[in-house]
2 protein chains.
Amino acid sequence: MNIGDVAERSGLPAKTIRFYEDIGLVKPMRAANGYRSFRDSDLHKLAFLGRARTLGFSIEECRLLLELYEDKGRESAQVKALAEDHLKAIDDKIAQLRSMRATLAHLVQCCAGDDRPDCPILDDLAQPSQAPGRDAHRA
Amino acid sequence: MNIGDVAERSGLPAKTIRFYEDIGLVKPMRAANGYRSFRDSDLHKLAFLGRARTLGFSIEECRLLLELYEDKGRESAQVKALAEDHLKAIDDKIAQLRSMRATLAHLVQCCAGDDRPDCPILDDLAQPSQAPGRDAHRA
DNA sequence: CCTTGACCTTCCAGTATCTGGAAGCCTTAT
DNA sequence: ATAAGGCTTCCAGATACTGGAAGGTCAAGG
């Protein structure tokens with residue numbers, strides 16, 4: 001298979017596949033003309049990577065997952081630990097975004113949004129030395 | 001004020017402040033010895049930037065906010081529109097993370113996490129041609 | 001045989017937002 | 001005089017691609 005086929009079947013852009021080869025995630029063979037020649041196992045790996053990426057795993061985490069996947073003697077505990085770490089990272093990120101969201105939503109609500117210059121959003125950002133809109137939740 | 005003072009008072013690392021100068025967000029003066037010399041207004045701007053950044057605004061959004069802040073004839077509608085756009089971006093991001101979280105949490109729960117190699121997480125990632133764990137929510 | 005268009009190749013640069021480090025000058029205190 | 005600490009600039013790296021330029025390859029049509 002050429003890169004175009006693999007791109008279509010894996011759902012990953014050809015550019016991304018080349019990038020994954022650069023960083024050693026896949027090692028396709030080469031045809032006589034210099035074109036990359038992908039085996040089914042390469043396609044399989046790429047699809048695996050694509051799905052791991054949509055779950056938000058970093059490239060390095062994907063690399064580990066792939067290693068575990070290929071190690072038939074792995075302990076599932078290792079996979080689970082990796083996934084749990086990632087889950088926690090996601091939870092942290094969500095918490096952070098929700099905090100931003102709460103503050104911002106409050107500010108937006110307070111702003112008239114008309115042709116006058118008065119703006120509680122800017123006022124809040126300009127508050128000296130305190131977390132922005134830190135009492136938005138209580139408001 | 002030298003950069004160290006401003007860093008401490010604004011809560012931003014000196015490195016970041018230099019970077020903000022590079023991209024034109026602040027324009028401190030220079031003392032005879034070449035050191036950056038910050039006015040109160042520079043400190044004020046940096047603090048504004050720091051708070052806008054903690055609310056998740058991008059640098060370019062911060063640049064616009066700063067312009068609006070300094071334009072005493074602005075219309076608050078512009079600020080509000082910017083904030084609303086950002087709010088929507090945050091909501092989208094949260095939705096995406098929650099979807100990941102749901103799938104991943106389900107998989108983690110299914111994995112024994114012991115010394116055996118069987119692992120539903122890896123199995124799911126290896127599923128050919130379908131979104132990973134796409135029925136996790138129903139499970 | 002030649003051309004055309006679609007594919008493929010490599011390499012370089014840019015995105016976003018810093019962060020770390022090296023090499024070296026300035027200031028202050030001892 | 002020297003040492004510590006702060007300041008300067010510049011380069012590189014991290015993350016994960018993405019776009020584009022310049023050029024080789026291949027299959028089809030005339």
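No hydrogens, no waters, no symmetry mates; every other heavy atom, side chains included, goes into these values. Labels below follow one simple rule: chain letters A, B, ... track the order of the sequence lines, proteins then strands, and each chain is numbered from 1.
Interatomic distance, CG of A:Leu65 versus SG of B:Cys119, reported as 8.5 Å (0.5 Å rounding). Note: A:Lys88 NZ to B:Arg101 CZ = 11.5 Å, rounded to the nearest 0.5 Å.
Per the geometry, CG belonging to A:Leu46 stands 12 Å off P belonging to D:dC17, to the nearest Å. Between A:Glu61 atom CD and D:dA16 atom C1' the separation is 13 Å, expressed in whole Å. One interatomic measurement links the two molecules: CZ of B:Phe19 to P of D:dC7, which rounds to 20 Å at whole-angstrom precision. As rounded to whole Å, 13 Å separates atom C1' of C:dT15 from atom CD1 of B:Ile59. Spacing between atom CG of A:Asp22 and atom P of C:dC11 amounts to 9 Å, rounded to whole angstrom units. Spacing between atom CG of A:Leu12 and atom C1' of D:dT18 amounts to 14 Å, rounded to whole angstrom units. Between the CG atom of A:Leu49 and the C1' atom of D:dC17 there is a distance of 14 Å, rounded to whole Å. Across the protein-nucleic acid pair, B:Phe57 atom CZ and C:dC18 atom P stand 15 Å apart, rounded to whole Å.
Ion pairing between a basic and an acidic side chain is recognised when a charged N comes within 4.0 Å of a carboxylate O; B:Glu21 and B:Arg30 show such pairing. Using a 4.0 Å cut-off between a side-chain N of Lys or Arg and a carboxylate O of Asp or Glu, A:Arg74 and A:Glu67 do not qualify as a salt bridge.
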task: Starting at the 5' end of nucleotides 3-10 of chain C, put B wherever the base has a protein heavy atom under 4.0 Å, S where only the sugar-phosphate does, and a dash everywhere else.
output: ----BSBB

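By the 4.5 Å heavy-atom criterion applied to side chains, B:Asp42 and B:Val6 are not counted as neighbours. At a threshold of 4.5 Å between non-hydrogen side-chain atoms, the residues B:Asp5 and B:Leu43 do not count as touching.
A pairwise comparison of heavy atoms in B:Ala83 and A:Val108 identifies CB-CG2, 3.6 Å as the closest pair. Nearest heavy atom pair, residue A:Ala14 against residue A:Ile3, reads O-CD1, 3.6 Å.
A close approach under 4.0 Å does occur between a side-chain nitrogen or oxygen of B:Thr16 and OP1 or OP2 of C:dT19.
For the contact set between residues 88-96 of chain A and DNA chain C, defined by any heavy atom under 4.0 Å, there are no members.
Side chain to side chain, A:Asp118 and B:Ser76 fail the donor-acceptor criterion of an N or O pair below 3.5 Å.
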